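So the structure is just underneath, and the comments pick up after that.
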Amino acid sequence: MRLFDTLTRTEHDLRPIDGSTYRFYCCGPTVYGPAHIGNFRTFVLQDVFRRTLETGGTRTLHVRNITDVDDKTIRDSQAAGQSLNQFTTGWTKKFHTDCEKLGLLPPHIEPGAVDHIPQQIAMIAKLIEKGNAYASDDGSVYFKISSFPGYGRLSRLDERELHLGKTQNARSSSDEYEKGSLSDFVLWKSRKPEDGENFWPSPWGEGRPGWHLECSAMIQEYLGDSFDLHSGGVDLVFPHHENEIAQSQCACGGHFAANWFHIAHLLVDGGKMSKSLGNLYTLEDLAARGHTAMEARYVLIGAHYHKPLNFTLDSLSGAREALAKLAKGARQLAARIDADTRLTSAGFGPFQAAWDSLNHDLNTPGALGGIFTGLRESANLTGTEAAAALAGFNRLLRALGLTLPEEVLHPSSEIPQAVQALADSRWQARLAKNWAESDTLRAQLAEQGWLVKDGKDGYTLEPAGS
RNA sequence: GGCGGAGUAGCCAAGUGGUAAGGCAAUGGUUUGCAAAACCGUCAUUCGAGGGUUCGAUUCCCUCCUCCGCCUCCA
């Protein structure tokens with residue numbers, strides 16, 4: 001598989017550096033509230049990335065952290081009257097539930113920051129020892145960015161600093177590279193009254209770790225000095241990932257991540273998501289509007305990860321139809337297969353182009369297009385060919401993490417007895433050619449939000465689509 | 001202001017130096033008591049605007065316009 005690398009800005013062939021297992025790290029959620037679909041765009045694409053590697057026969061080691069101590073978790077846990085641990089445990093559970101609904105494979109390792117305080121302290125101590133960090137008077141510790149020549153490579157800070165330098169020089173003649181410059185970032189935050197109970201002892205006094213350091217320490221613990229790939233949303237490029245590189249390379253000396261995989265943001269109705277605009281959707285918000293998590297997943301993989309995706313509620317309805325079409329295609333393919341044919345083919349048949357798309361910079365929309373095209377081309381396959389095609393189709397859907405059981409297509413709303421009775425009466429009226437009665441009952445069902453689909457030998461009921 | 005990304009049909013969205021995938025919606029037909037569903041079709045001479053290079057550009061270069069992100073916490 002080939003993938004664009006943020007650092008070198010070129011496509012790389014992905015091969016495990018240890019020769020056997022592709023080891024990668026994803027920055028996980030900060031658990032202080034429900035994750036929204038923008039967060040999930042990142043996690044879903046990371047999941048497709050992993051599934052594509054695995055479908056292609058590569059073993060993976062997927063590490064994704066939980067940020068369970070920072071300003072927001074502390075602030076909101078206090079507001080909720082809970083201990084930090086109670087608070088973050090609750091939201092972590094909620095996150096896991098959402099992930100499951102979206103069909104995300106659980107990471108092999110999911111470390112939390114609070115459980116790795118000793119590792120973080122050890123890393124800070126090493127940075128101080130090597131001259132890359134210094135303690136301030138109040139007991140905080142800062143990373144000295146001037147001590148790391150590579151600082152800013154990932155986010156092209158060179159160009160930006162040229163500009164910053166100019167404006168700063170215009171305003172003041174002070175040396176921006178002086179020790180203690182404002183750009184140095186914090187590794188250890190000294191204890192403050194508003195932290196409440198949430199502090200830990202350290203050689204520099206009581207306090208808590210800085211956010212950037214948490215990831216570096218956990219990466220060191222589970223993936224070591226050098227690993228295959230690091231991923232997150234584009235907004236993490238600077239400063240988070242830039243700082244991780246600085247900390248880890250200075251403390252551990254390895255190459256850190258061989259590849260950087262950043263996922264573009266999700267827009268809603270063409271603009272940024274925000275609570276104030278009321279367009280920040282969680283899975284629950286979507287469920288309240290009658291949309292399944294699988295529909296959301298389909299929408300989220302409907303654009304290339306490198307481009308911003310414009311999310312709309314209409315696109316969810318479109319996703320429902322598209323998923324239904326995929327399910328129908330699979331059924332038709334299955335119907336062509338002779339009973340004694342086994343699905344053993346290793347290729348992708350008519351879906352080869354779709355598979356190729358996925359392996360070329362994780363082109364998920366290209367892959368979806370290829371699947372529909374492949375389905376159309378499958379119309380006249382022989383039983384054996386159809387068996388091979390269906391095997392390819394299934395593997396492709398597994399790589400994309402799409403599942404098509406009926407209950408996904410038709411949300412498993414229980415049909416109330418009264419509705420069922422109404423529908424039965426209508427069917428009887430229809431059989432009796434009592435059209436007026438039949439139409440009246442159909443209208444009543446519609447009022448109650450149910451759609452009748454007549455067939456030759458019966459009917460089906462569906463909740464009216466939104 | 002700096003840096004990065006993006007502008008493709010009503011909407012979502014691939015792609016390519018050689019003449020525009022796919023999905024949704026819409027629409028014509030078949031079917032239907034009528035609808036819906038289903039099935040078969042149709043649906044961008046054109047890729048933000050203007051120049052340039054080229055036999056040929058949507059794809060490369062330049063200018064301009066617009067949008068988004070980062071520069072402070074953020075997937």
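Each chain gets a letter, A, B and so on, in the order the sequences are listed, and its residues count up from 1. Quick caveat: nothing in here was measured; it's all calculated off a predicted structure.
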When the [atom1] atoms of [N] and [M] are considered, how many whole Å apart are they?
N     : M     : atom1 : result
B:U59 : B:C67 : P     : 22 Å
B:A20 : B:C43 : P     : 13 Å
B:A9  : B:G29 : C1'   : 24 Å
B:A49 : B:U66 : C1'   : 10 Å
B:C61 : B:U53 : P     : 15 Å
B:C12 : B:U8  : C1'   : 12 Å
B:A36 : B:C60 : P     : 45 Å
B:U32 : B:G10 : C1'   : 29 Å

Practice task
Would you indicate, yes or no, if B:G4 has its OP1 or OP2 atom less than 4.0 angstrom from a side-chain nitrogen or oxygen of A:Arg156?
Solution key: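 Indeed, a polar side-chain atom of A:Arg156 lies that close.
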Exercise for the section: Could you tell me whether the phosphate oxygens of B:C70, OP1 or OP2, come under 4.0 Å of any side-chain nitrogen or oxygen in A:Ser155? Expected result: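 For A:Ser155, the contact criterion (side-chain N or O under 4.0 Å from OP1 or OP2 of B:C70) is not met.
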Problem - Residue whose closest nucleotide on RNA chain B lies nearer the 5' end, A:His360 versus A:Ser438 - result: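 So the residue in question is A:His360.
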Exercise for the section: Between A:Ser315 and A:Gly232, name the one whose nearest nucleotide on RNA chain B is closer to the 5' end. Expected result: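 Upstream on the strand: A:Ser315.
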Starting from [atom2] on [N], measure out to [atom1] on [X] and report it in whole angstrom.
X        : N     : atom1 : atom2 : result
A:Phe238 : B:G2  : CZ    : P     : 18 Å
A:His241 : B:C70 : NE2   : P     : 14 Å
A:Glu242 : B:C3  : CD    : C1'   : 12 Å
A:Leu267 : B:A75 : CG    : C1'   : 13 Å
A:Leu154 : B:C70 : CG    : C1'   : 12 Å
A:Leu280 : B:A75 : CG    : C1'   : 11 Å
A:Phe351 : B:A21 : CZ    : P     : 19 Å
A:Leu397 : B:G23 : CG    : P     : 15 Å

Does atom [atom1] ([X]) have a neighbourhood of more than 12 heavy atoms from anything else shown, all under 6.0 Å?
X        : atom1 : value
A:Gln420 : CD    : yes
A:Asp13  : CG    : yes
A:Glu100 : CD    : no

Practice task
Classify the angle between the aromatic ring planes of A:Phe185 and A:Phe143 as parallel (below 30°), tilted (30 to 60°) or perpendicular (above 60°).
Solution key: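 Parallel: the ring planes of A:Phe185 and A:Phe143 meet at under 30°.
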Problem - Residue-level proximity of residues 303-312 of chain A to RNA chain B when a heavy atom falls under 4.0 Å - result: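 Result for residues 303-312 of chain A: A:Ala303, A:His304, A:His306, A:Lys307, A:Pro308, A:Leu309, A:Asn310, sorted by number.
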Problem - Interface with RNA chain B, restricted to residues 367-379 of chain A and to heavy atoms under 4.0 Å - result: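 The answer is A:Gly369, A:Phe372, A:Thr373, A:Arg376.
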Exercise for the section: Go through the steps for A:His116 and A:Tyr222 under the test ring-ring contact (aromatic ring centres under 6.0 Å, His included), then give the verdict. Expected result: CA-CA 11 Å; A:His116 296 79; A:Tyr222 297 104; 5.5 Å; yes
Handout entry: Donor on one side chain, acceptor on other, A:Ser140 and A:Asp138, under 3.5 Å
Key =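 The answer is yes; a qualifying pair exists.
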Handout entry: Check: A:Asn259/A:His230 side-chain N/O donor and acceptor closer than 3.5 Å
Key =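 Absent: no donor and acceptor within the cut-off.
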Check every strand shown and say whether [X] touches a base, only sugar-phosphate, or nothing at a heavy-atom separation below 4.0 Å.
X        : result
A:Arg9   : sugar-phosphate
A:Leu236 : sugar-phosphate
A:Gly38  : base

Listed pairs, N/O of protein and of nucleotides 34-36 of chain B, under 3.5 Å:
from, atom 1, to, atom 2, distance (Å)
B:C34, O2, A:Arg442, NH2, 3.1
B:C34, N3, A:Arg442, NH1, 3.3
B:C34, N3, A:Arg442, NH2, 3.3
B:A35, N6, A:Asp454, OD2, 2.6
B:A35, N1, A:Arg442, NH1, 3.1
B:A35, N3, A:Arg442, NH1, 2.6
B:A36, N1, A:Asp454, O, 3.0

Exercise for the section: Taking all heavy atoms of A:Ala133 and all of A:Val141, pick out the closest pair and write down the distance. Expected result: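 Nearest heavy atoms, A:Ala133 then A:Val141: CB-CG1, 4.1 Å.
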Exercise for the section: Kindly write out the residues that satisfy ring-ring contact (aromatic ring centres under 6.0 Å, His included) with A:His360, not counting sequence neighbours, or none if the list is empty. Expected result: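 Testing A:His360 for ring-ring contact (aromatic ring centres under 6.0 Å, His included), a comparison that skips the adjacent residues, returns none.
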Practice task
Measure from the side-chain heavy atoms of A:Tyr298 and tell me the nearest of B:C71, B:A75, B:G23.
Solution key: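 Of the candidates, B:G23 comes closest.
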Practice task
Please determine which of A:Pro111, A:Cys99, A:Pro106 meets the side-chain contact (heavy atoms from CB on, under 4.5 Å) test together with A:Arg64.
Solution key: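 Result: among A:Pro111, A:Cys99, A:Pro106, A:Cys99 is the only option passing the side-chain contact (heavy atoms from CB on, under 4.5 Å) with A:Arg64.
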Handout entry: Watson-Crick and G-U pairing of RNA chain B, under 3.5 Å, as dot-bracket with | and [ ]
Key = (((((((..(((.....[...))).(((((.......))))).....(((((..]....))))))))))))....
Inspect the contact between [Y] and [X] and indicate whether a charged nitrogen and a carboxylate oxygen are less than 4.0 angstrom apart.
X        : Y        : result
A:Arg426 : A:Asp439 : no
A:Arg430 : A:Asp454 : yes
A:Arg208 : A:Asp70  : no
A:Arg289 : A:Asp285 : no
A:Glu284 : A:Lys94  : yes

Problem - Residue pair A:Phe348, A:Phe393: steps toward the ring-ring contact (aromatic ring centres under 6.0 Å, His included) verdict - result: CA-CA 7 Å; A:Phe348 286 86; A:Phe393 177 90; over 10 Å; no
Exercise for the section: Please round to the nearest 0.5 Å and tell me the distance separating atom OH of A:Tyr22 and atom CZ of A:Phe49. Expected result: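 A:Tyr22 atom OH to A:Phe49 atom CZ measures 4.5 Å (nearest 0.5 Å).
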Practice task
Starting at CH2 of A:Trp91, measure out to CD of A:Gln82 and round the result to the nearest 0.5 Å.
Solution key: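 It comes to 9.5 Å.
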Enumerate all atom pairs, one protein N or O and one N or O from nucleotides 24-26 of chain B, separated by less than 3.5 Å.
none

